[in-house]
Amino acid sequence: MVVLTIRDVPDEVRDALGQDARERGQSLQAFLLSVLKRQAAYSRNRQLLADVERDLAEGGGAGVDAPDAAELLEQERTNRAE
């Protein structure tokens, strides 16, 4: 694991983050780690979407033999309701 240090954090920012952490029953360190993990996941998701958009722009995507997504969703909803 890596240790990160953030310098020059304004007091009001630290106080607001500390309050958020307390409201969640977390230490400031645990809260900030969760924020960083969420941001990293968001960045990975953005990259994945960019890759999908690029593939679609290049003519990629489902083939003609692919099942209809709407039908698959309806089948799953029906199965869950039973």
Side-chain angles (χ1 to χ4, degrees):
M1 292 243 173
V2 175
V3 174
L4 298 177
T5 301
I6 302 174
R7 290 181 169 74
D8 302 321
V9 177
D11 291 342
E12 61 272 8
V13 171
R14 182 207 54 216
D15 294 346
L17 292 169
Q19 180 64 35
D20 288 343
R22 281 189 299 280
E23 289 174 1
R24 289 171 176 76
Q26 296 178 307
S27 67
L28 182 56
Q29 194 271 334
F31 174 72
L32 292 175
L33 182 57
S34 71
V35 169
L36 292 173
K37 286 180 177 179
R38 202 168 39 245
Q39 181 61 38
Y42 175 73
S43 295
R44 286 190 299 272
N45 289 345
R46 275 196 344 226
Q47 183 58 49
L48 177 62
L49 290 173
D51 292 345
V52 168
E53 287 178 2
R54 185 192 66 244
D55 289 348
L56 290 174
E58 294 172 355
V64 294
D65 60 338
D68 182 64
E71 289 177 17
L72 291 174
L73 288 171
E74 185 58 34
Q75 286 175 348
E76 185 59 29
R77 287 181 182 129
T78 301
N79 290 342
R80 288 183 181 187
E82 293 176 352

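Side-chain atoms are counted along with the backbone in the values below, which use heavy atoms only and exclude waters and symmetry mates.
With contacts defined as side-chain heavy-atom distances shorter than 4.5 Å, the pair Glu76/Asn79 qualifies.
Sorted by first and then second residue, the pairs that involve residues 44-53 and meet side chain to side chain donor-acceptor pair (under 3.5 Å), not counting sequence neighbours, are Gln47-Asp51, Asp51-Arg54.
When all heavy atoms are compared, the tightest approach of Ser27 to Ala21 is O-CB, 3.7 Å.
A continuous path of Ile, Leu, Val, Met, Phe, Trp and Tyr side chains, each step under 4.5 Å between heavy atoms, connects Leu36 with Val2, placing both in one hydrophobic cluster. Residue Phe31 is grouped with residue Ile6 when hydrophobic side chains (ILVMFWY) are merged at heavy-atom distances under 4.5 angstrom, including chains of intermediate members. Residues Leu28 and Val13 share a single hydrophobic cluster, defined by chaining ILVMFWY side chains whose heavy atoms lie under 4.5 Å apart.
Here Arg80 contributes atom CZ and Thr78 contributes atom OG1; the two are 11.5 Å apart, rounded to the nearest 0.5 Å. With rounding to the nearest 0.5 angstrom, the CG atom of Leu32 is 12.5 Å from the NZ atom of Lys37. With rounding to the nearest 0.5 Å, the separation of CD in Gln29 from OG in Ser34 is 9.5 Å.
Between the side chains of Gln75 and Glu71, no donor N or O sits under 3.5 Å from an acceptor N or O.
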